[in-house]
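Below: the structure, in structure tokens.
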Amino acid sequence: MKKAKIFADKNMQIGKVESKMFGSFIEHLGRAVYEGIYEPGHPAADENGFRKDVISLINELGVPIVRYPGGNFVSGYNWLDGIGKKENRPTRLDYAWRTIETNQFGTDEFMKWCEEANVEPMMAVNMGTGAPQDAGYLVEYCNHPSGTYYSELRKANGSEKPYKVKYWCLGNEMDGPWQICHLEAIDYSKKALETAKIIRWVDNRVKLIACGSSSAELPSYPDWDRIILENLYDYVDYLSIHQYYWNEGCDEDFYASYKRMDEFIKTAIATCDFVKAKKRSNKTIYLSFDEWNVWYLKDVKLEDWTQAPHILEDKYTLQDAIVFGGLMNTLLNNCHRIKIACLAQLVNVIAPIFTQKGGAAIRQTTFYPFKYVSQYGRGQALMTISECDEFDSKFGKVKELSQSVIFDEDANSLAVFVCNYSQDAIEAEIELRSFGDLEIIEHVVLDGADLKAINDFENPSRVTPKNVDLGAIKDSKAFINLSPLSWNMIRVKIK
Ligand code: AHR
């Protein structure tokens with residue numbers, strides 16, 4: 001059998017994995033809100049119309065924070081349309097997705113839903129058609145206790161207490177020509193700066209997230225990040241980055257996604273630190289990777305002006321889940337700078353959870369790596385060194401194994417996440433000598449003969465992880481068999 005080695009040491013730490021690494025995203029897009037999290041009349045819906053079956057799957061994923069309301073949608077959204085009596089709310093054209101927006105779900109419903117789902121809200125303000133003061137009014141509506149026009153309006157709408165929303169995105173993907181009222185970097189900087197000033201005057205406890213690059217393919221990348229940071233450095237806390245990956249026909253190129261994501265992150269870090277040096281600043285800007293996923297962008301077909309259309313409903317294959325697992329490794333391995341990450345998205349739209357109107361909610365293939373990493377990937381991420389074969393891709397040579405190792409000091413255990421992108425089985429020797437006496441307690445695998453297998457309503461468990469042979473421990477080395485093209489989680493108890 002092919003052999004490989006992975007080495008990790010207790011003293012070689014990358015950083016703490018923040019729980020917000022396992023955030024997600026709900027946009028007014030397709031059936032994410034309507035028929036996703038919100039479906040009045042559904043047998044599993046509560047009195048607010050929130051689907052409890054969906055909430056229970058979200059809790060199974062361990063999602064702590066959810067970004068809302070967009071996405072591209074937010075750049076044309078007037079938040080005032082979504083508050084007050086439902087019968088008085090206007091129906092609008094959403095330019096971003098060519099959809100009819102009824103506004104039956106808005107800020108107050110989202111806050112209530114967050115409370116029920118036990119997640120923290122992360123809000124984005126409209127930096128497209130919106131003016132800086134509109135953003136200030138929204139922050140006042142959400143966070144100001146009382147005695148002003150918008151805080152009293154919130155109270156009149158049924159929420160006595162302020163929502164105390166901490167994380168605010170200054171727009172969405174303003175570098176993208178597809179964005180409603182897209183801006184050049186210098187123009188975005190000016191608008192975002194004035195918006196940041198107003199938001200902080202309204203509530204200086206908030207954390208602000210500036211729009212960084214939304215794709216490495218854009219001609220403005222990575223200059224966009226440099227320019228906006230040169231202007232906004234003292235006003236923001238995080239730089240938002242977005243990137244999606246898909247199979248363009250060559251499997252190897254697709255398997256290289258974990259490495260491409262790493263390069264994208266490293267460039268963002270380098271840009272932040274270049275500006276830090278230029279400004280002689282002591283402040284470090286952290287990353288909010290608030291849209292990441294596998295997404296078959298080329299398959300997007302928009303319908304004209306329908307409500308809650310079936311768009312961006314990618315059916316994820318086993319192969320997608322294995323690539324997805326590699327992306328999660330890369331996020332963990334950069335946790336010293338990525339303090340927030342949001343899987344885009346959560347329900348129906350490029351999502352791990354898929355629903356039927358009036359029917360079931362199922363787990364897509366990508367649900368599983370997310371669930372296990374979110375459950376066991378919290379702790380100290382350790383640096384790893386690997387020795388394994390490489391494959392060729394149009395992005396250069398790529399190692400066949402992508403791995404991350406997390407040390408949970410409280411539970412006195414380690415979680416090793418490994419993707420095997422080889423067509424062959426590999427015996428991996430995982431050398432953990434600094435941890436002393438060890439015992440393997442679980443080896444979970446996602447693999448299968450049919451890489452294109454998906455979960456659907458007819459067979460929702462076609463692709464599910466299984467527990468396999470634990471392997472062996474010898475001299476603080478775990479010997480594990482990794483099946484061809486597989487995602488693996490190995491949990492090790494420190495004795
Ligand atoms: O997540 C889907 C879309 O992808 C979002 O609306 C946008 O921000 C990105 O381009």
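For Phe435 against Leu438, the heavy-atom pair with the smallest separation is CB-CD2, 3.7 Å. Residues Val347 and Gly36 approach most closely at CG1-CA, 3.7 Å, considering heavy atoms. Summarising the geometry of Cys335 relative to Ala381, their closest heavy-atom pair is SG-CB, 3.6 Å, with the distance given to 0.1 Å. Of all heavy-atom pairs between Leu346 and Ser24, the closest is CB-OG, 3.3 Å. The two residues Phe73 and Pro69 have their closest heavy-atom pair at CD2-O, 3.6 Å. In terms of heavy atoms, Ile228 sits closest to Ala185 at CG2-O, 3.7 Å.
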What's the verdict on side-chain contact (heavy atoms from CB on, under 4.5 Å) for Leu287 and Ile269, showing C-alpha distance, side-chain angles and the deciding distance? CA-CA 8 Å; Leu287 300 180; Ile269 294 173; 3.8 Å; yes
What's the verdict on side-chain hydrogen bond (donor to acceptor under 3.5 Å, both in side chains) for Asp320 and Tyr296, showing C-alpha distance, side-chain angles and the deciding distance? CA-CA 10 Å; Asp320 294 329; Tyr296 287 80; 2.7 Å; yes
Check the pair Arg462, Asp450 against side-chain contact (heavy atoms from CB on, under 4.5 Å), reporting the backbone distance first and the verdict last. CA-CA 10 Å; Arg462 193 178 284 118; Asp450 180 6; over 6 Å; no
Using the rule given for side-chain hydrogen bond (donor to acceptor under 3.5 Å, both in side chains), can you reason through Ser214 versus Asp175, listing the C-alpha separation, both sets of side-chain angles and the distance that settles it, and then say yes or no? CA-CA 7 Å; Ser214 55; Asp175 61 333; 2.7 Å; yes
May I have the step-by-step check of side-chain contact (heavy atoms from CB on, under 4.5 Å) for Leu485 and Gln423, ending in yes or no? CA-CA 6 Å; Leu485 293 164; Gln423 309 279 346; 3.7 Å; yes
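In this structure, the side chains of Val206 and Val165 stay at 4.5 Å or more apart for every pair of heavy atoms. Side chains of Tyr221 and Ser215 form no contact here, defined as non-hydrogen atoms less than 4.5 Å apart. Tyr316 has its side chain within reach of Asn293: a pair of non-hydrogen atoms, C-beta onward, lies under 4.5 Å apart. Side-chain contact between Arg363 and Phe370: absent, with no pair of heavy atoms (C-beta onward) separated by less than 4.5 Å. Residues Arg491 and Tyr376 form a side-chain contact, since some pair of their non-hydrogen atoms from C-beta on lies under 4.5 Å apart. Using a 4.5 Å heavy-atom cutoff, the side chains of Trp295 and Trp246 are not in contact. Residues Ile265 and Arg337 form no side-chain contact, since every pair of their non-hydrogen atoms from C-beta on lies 4.5 Å or further apart. At a threshold of 4.5 Å between non-hydrogen side-chain atoms, the residues Ile480 and Leu482 count as touching.
When only modelled atom types and interatomic distance are considered, Asn420 and Ser486 share no side-chain donor-acceptor pair under 3.5 Å. A donor and an acceptor atom, one from each side chain of Tyr68 and His28, are located under 3.5 Å apart. Ser213 and Asp225 form a side-chain donor-acceptor contact under 3.5 Å, judged by distance and modelled atom types alone. No hydrogens or angles considered: nothing links the side chains of Asp53 and Ser56 as a donor-acceptor pair under 3.5 Å. Using a 3.5 Å distance cut-off with no hydrogens or angles, the side chains of Asp469 and His443 do not pair a donor with an acceptor. With hydrogens and angles left out, the side-chain atoms of Gln345 and Glu27 include a donor and acceptor closer than 3.5 Å.
Between Phe110 and Trp113, the two ring planes are parallel [angle under 30°; tilted spans 30° to 60°]. The aromatic rings of Tyr372 and Trp487 sit tilted relative to each other, their planes meeting at an angle between 30° and 60°. The aromatic rings of Tyr421 and Tyr255 sit parallel to each other, their planes meeting at less than 30°, with 60° as the upper class boundary. Between Tyr238 and Tyr286, the ring planes lie tilted relative to each other; the angle falls in the 30° to 60° range.
Counting heavy atoms of neighbouring residues, nucleotides and ligands inside a 6.0 Å radius, atom NZ of Lys474 does not exceed 12 of them. Around the OH atom of Tyr235, the shell of radius 6.0 Å holds no more than 12 heavy atoms that belong to other residues, nucleotides or ligands. The local environment of CD in Glu115 is sparse, with at most 12 non-hydrogen atoms from other residues, nucleotides or ligands closer than 6.0 Å. The 12-atom threshold is exceeded at NZ of Lys493, counting heavy atoms of other residues, nucleotides or ligands nearer than 6.0 Å. The environment of NZ in Lys315 is crowded: more than 12 heavy-atom neighbours from other residues, nucleotides or ligands sit within 6.0 Å.
Without hydrogens or angle criteria, Arg280 side chain to Lys278 main chain gives a donor-acceptor distance under 3.5 Å. In terms of modelled atom types and a separation under 3.5 Å, the side chain of Asn348 and the main chain of Thr355 share a donor-acceptor contact. A donor-acceptor pair under 3.5 Å links the side-chain atoms of Gln364 to the main chain of Asp314, judged by distance alone. For the pair Asp237 (side chain) and Leu208 (backbone), a donor-acceptor distance under 3.5 Å is present. Not one N or O on the side chain of Asn172 forms a donor-acceptor pair closer than 3.5 Å with the backbone of Gln179. Proximity of a side-chain donor or acceptor of Lys279 to a complementary backbone N or O of Glu230 within less than 3.5 Å is detected. Looking at Asp253, its side chain does come within 3.5 Å of a backbone N or O of Lys394 through a donor-acceptor pair. Of the possible donor and acceptor atoms, none in the side chain of Lys2 sits under 3.5 Å from a partner among the backbone N and O of Asp424. Judged by distance alone, with hydrogens and angles left aside, the side-chain atoms of Asn455 form no donor-acceptor pair with the main-chain N or O of Ile362 at under 3.5 Å. The backbone N or O of Gly359 lies less than 3.5 Å from a partner atom in the side chain of His42, making a donor-acceptor pair.
The ring pair (Phe, Tyr, Trp, His ring centres under 6.0 Å) test with Phe324 singles out one residue from Tyr245, Trp292, Tyr368, and that residue is Trp292. Shown are Lys266, Arg260, Lys259; of these, the salt bridge (Lys or Arg N to Asp or Glu O under 4.0 Å) with Asp262 is made only by Lys266.
Under a 4.0 Å N-O distance rule, the pair Lys477/Asp475 does not qualify as a salt bridge. Glu387 and Lys3 are not joined by a salt bridge, as no carboxylate oxygen comes within less than 4.0 angstrom of a charged side-chain nitrogen. Residues Arg433 and Glu431 are paired through a salt bridge, judged by an N-O separation under 4.0 Å between the basic side chain and the carboxylate. Using a cutoff of 4.0 Å between basic side-chain nitrogens and carboxylate oxygens, Arg31 and Glu313 are scored as salt-bridged. A salt bridge does not link Lys276 with Asp273: every distance from a Lys NZ or Arg NE/NH1/NH2 to an Asp or Glu carboxylate oxygen is 4.0 Å or more.
How far CG of Asn481 is from CD1 of Ile490: 10.0 Å, rounded to the nearest 0.5 Å. Between Gln13 atom CD and Gln380 atom CD the span is 4.0 Å, to the nearest 0.5 Å. Remark: Leu414 CG to Ile494 CD1 distance equals 4.0 Å, nearest 0.5 Å. Expressed to the nearest 0.5 Å, how far SG of Cys342 lies from CD of Glu291 amounts to 8.5 Å. Rounding to the nearest 0.5 Å places CG of Asn72 at 12.5 Å from NE2 of His182. In this structure, CD on Gln356 lies 10.0 Å from CG on Asp456, to the nearest 0.5 angstrom.
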